[in-house]
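Single-structure report; data block below.
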Amino acid sequence: MVIAAGFCFALFRKIQLIPADPWVPAWVLPSYLATLIAYFVFRAGRWHYLVAPLGEVELRTTLPVSMAGTMWIMVLPLRLGEFARPLFLAQKTEIGVGQALGTVAIERVVDGLFVCALFFVALPMLPEVHGEQAVAVERLRSLGLLASGGLFGVLAVLVAMALSPGTVGRLVKATLGRLIPPLAEKLEALARGVAEGLAALPSIGPLLKFLLGTVAYWASNAVGTWLLARGCGLDISFPAALAMMSVLGISLLIPGGPAQFGIFHYGMILGLSMFVSEAVVHDQGSVFIFWMFVTQLSMGLVLGIIAQRMLALDWRATLTGSRAAQPRPDPS
C-alpha cells in the first residue's frame, strides 16, 4: 500500500488517475474486451507446452491453473504472484513446485526478450519526431538495450542451471544453506527442482507451439492497444502502438505494488511520451491509461476467479507459499 500511495502522489501531476470525462465511443470497449479475451487465453494456454514434459497433465488443467495464476500476478505486490501457478499446479498434479518455477522463469525471460525485440523492430517504422518526443525515444532505446542485456544474462544463468541441476542444488546448500541452516535442505530441493524443470524443456515441436502462443498473445495485445488508443482520441499508428506496448511490457518486468499500480501507469506514460506532448498525455492519455488499467485488471480478476473455482484451487496456498494437501478419494 505504501508503494501504491507513493506512485499515486507522483502520478498526480502527470495524468488524471480518474479522468474528468472518461467516456469513449460505444464501439471502443467491446472491441478492446474482445482482444483481451484472446490476450488472456493465449497467455494462459501457451504455458501448457512448457509444463507438459514435466509430468502427466492436460490442457484442461494447465489453462485454468494459468488463468488463476495470472490473476495473482496482477493482484499481489512485487510479482509474488509468480509463485501461484507452481503452487496451484502442485495441488492438481505430481509436478513439483520447483520444477514448475523453472518453466515460469523461462516464460518471463522469453516475454522480456520478445517485447525488447518488438520495440527495436517498431522503431524504424515510427514517424519522425522532434523535441521532447525525440529525447524520449533515445532514452527508451537505451533502456531497451539495458533490459535486453540483463535478460540475456538471466537466460545464460538458466541455461547453465539446466545443464547441471545437481551442481545448482549443492551450490545453494553451500551458500544460502549456511546462512539459513534450518532451511538448507528445502532450499537445495527447491533449487534442484527449478534446474530440473529447466532441463526438461520441451522438444522443438512443443517449444514452437509455446512460441506461436507467445506471438499470438502479444499480437492480440498490440491490436487491442491500438484500437483502444484510437478510440480514446490518440491519433497513433499501429507501429507506434506496438512500441508503446513494448515499453509497458519492459516496465512491468520491474516488481511493483499491488495490481502493478504505478509501474503500469509510468510504463504507459513513457510509451506515450514518444509520440505526444505532456498536455495530450494528461488529457486523452489519461482516458487511455484509465481504461486499459481498469479493463485488464477487471478481466484478469473475473477469469482468474472463475478458473480458481472450476478447479477448486486453494487460494491460501498462494499467500502462505505452501502446497495444499490433495483431497483424498472417497473410500466408498
Side-chain angles (χ1 to χ4, degrees), residues 31-51 62-63 66-67 69-71 73-74 79 81-82 85 103-126 140-141 143-145 147-148 150-152 154-155 202 206-231 234 236-254 256 260 263-264 267-268 270-272 274-275 288-289 291-293 295-297 299-300 303-304:
S31 301
Y32 182 59
L33 289 174
T35 66
L36 271 188
I37 292 174
Y39 162 89
F40 279 105
V41 170
F42 285 125
R43 175 176 176 168
R46 63 186 178 144
W47 187 54
H48 174 78
Y49 299 105
L50 292 182
V51 299
T62 56
L63 183 62
S66 191
M67 286 279 193
T70 298
M71 174 185 69
I73 292 170
M74 299 175 78
R79 297 201 71 90
E82 297 286 6
R85 281 183 293 170
T103 66
V104 170
I106 284 292
E107 184 187 75
R108 291 281 67 78
V109 171
V110 168
D111 275 342
L113 290 173
F114 194 83
V115 293
C116 286
L118 283 179
F119 177 72
F120 288 110
V121 166
L123 279 183
M125 297 185 283
L126 299 180
L140 290 171
R141 189 194 305 271
L143 176 64
L145 289 171
S148 299
L151 288 164
F152 274 116
V154 173
L155 181 62
L207 190 57
L208 281 176
K209 291 178 181 178
F210 166 75
L211 293 175
L212 285 173
T214 298
V215 171
Y217 154 48
W218 286 107
S220 58
N221 195 359
V223 170
T225 299
W226 179 66
L227 287 173
L228 184 61
R230 302 283 293 190
L234 294 167
I236 63 173
S237 64
F238 183 76
L242 195 64
M244 188 164 52
M245 177 200 71
S246 302
V247 172
L248 175 61
I250 295 170
S251 301
L252 291 178
L253 294 173
I254 303 170
Q260 296 294 309
I263 290 288
F264 183 97
M268 293 297 297
L270 287 173
L272 283 169
M274 294 189 291
F275 314 109
F288 174 49
I289 294 170
W291 282 119
M292 180 168 279
F293 181 75
T295 51
Q296 285 195 14
L297 181 60
M299 180 73 78
L303 293 177

Report summary line: To the nearest 0.5 Å, atom CZ of F264 lies from atom CD of Q296 at 4.5 Å
Query raised in the report: Looking at V115 and G249, what are the two nearest heavy atoms and their distance?
Result: CG2-C, 4.2 Å
Report summary line: Rounding to 0.5 Å, atoms OG (S66) and CG (L303) come to a distance of 11.5 Å
Query - Flag, side chain of R230 to backbone of I236, donor-acceptor distance under 3.5 Å - result: yes
Requested in this report: Output all residues satisfying side chain to side chain contact (heavy atoms under 4.5 Å, CB included) with Y49, sequence neighbours left out; order by chain, then residue number.
Outcome: P206, K209, F210
Report task. Could you tell me the separation between the CG atom of L36 and the OH atom of Y39, rounded to the nearest 0.5 Å? Result -> 7.5 Å
Report summary line: side chain to side chain contact (heavy atoms under 4.5 Å, CB included) filter on L113, not counting sequence neighbours, yields V109, L151, F152, L155
Query raised in the report: Stepwise, does the side-chain contact (heavy atoms from CB on, under 4.5 Å) test hold for H48 with L63?
Result: CA-CA 7 Å; H48 174 78; L63 183 62; over 6 Å; no
Report summary line: Minimal heavy-atom distance between I37 and M299, with the atoms involved, is CG1-CE, 3.8 Å
Requested in this report: Determine which pairs satisfy salt bridge (Lys or Arg N to Asp or Glu O under 4.0 Å) with at least one residue from residues 41-51, sequence neighbours left out, and list them in order.
Outcome: R46-E107, R46-D111
Requested in this report: Answer yes or no: is there a side-chain heavy-atom contact under 4.5 Å between V215 and L211?
Outcome: no
**Report entry** Distance, nearest 0.5 Å, that separates OH of Y32 from CZ of F288
**Finding:** 7.5 Å
Report summary line: Nearest heavy-atom contact between S251 and G267 is OG-CA, 3.4 Å
Requested in this report: Hey, could you give me the CG/CZ distance between L242 and F119, rounded to the nearest 0.5 Å?
Outcome: 10.5 Å
Query - Parallel, tilted or perpendicular: rings of W226 and F238 (30°, 60°) - result: perpendicular
Requested in this report: Identify the two heavy atoms, one from A241 and one from A222, that lie closest to each other, and give their separation to 0.1 Å.
Outcome: CB-O, 4.4 Å
Report task. Calculate, to the nearest 0.5 Å, the distance between atoms CD1 and CD1 belonging to I263 and I254 respectively. Result -> 5.0 Å
**Report entry** Shortest non-hydrogen contact between S246 and L118, atoms and distance
**Finding:** OG-CB, 3.4 Å
Query raised in the report: What's the shortest heavy-atom distance between M74 and L297, and which atoms?
Result: CE-CA, 3.6 Å
Query - Close side-chain approach of L227 and V223, heavy atoms under 4.5 Å - result: yes
Query raised in the report: Are V247 and M274 side-chain neighbours, meaning at least one heavy-atom pair lies under 4.5 Å?
Result: yes
**Report entry** side-chain contact (heavy atoms from CB on, under 4.5 Å) evaluation trace for I289 with L272
**Finding:** CA-CA 10 Å; I289 294 170; L272 283 169; 4.1 Å; yes
Query raised in the report: Backbone N or O of T62 within a donor-acceptor pair of the R85 side chain at under 3.5 Å?
Result: no
Report task. Determine, step by step, whether F275 and L126 satisfy the side-chain contact (heavy atoms from CB on, under 4.5 Å) criterion, reporting the C-alpha distance in whole Å, the side-chain angles of both residues, the deciding distance to 0.1 Å, and the verdict. Result -> CA-CA 9 Å; F275 314 109; L126 299 180; 3.7 Å; yes
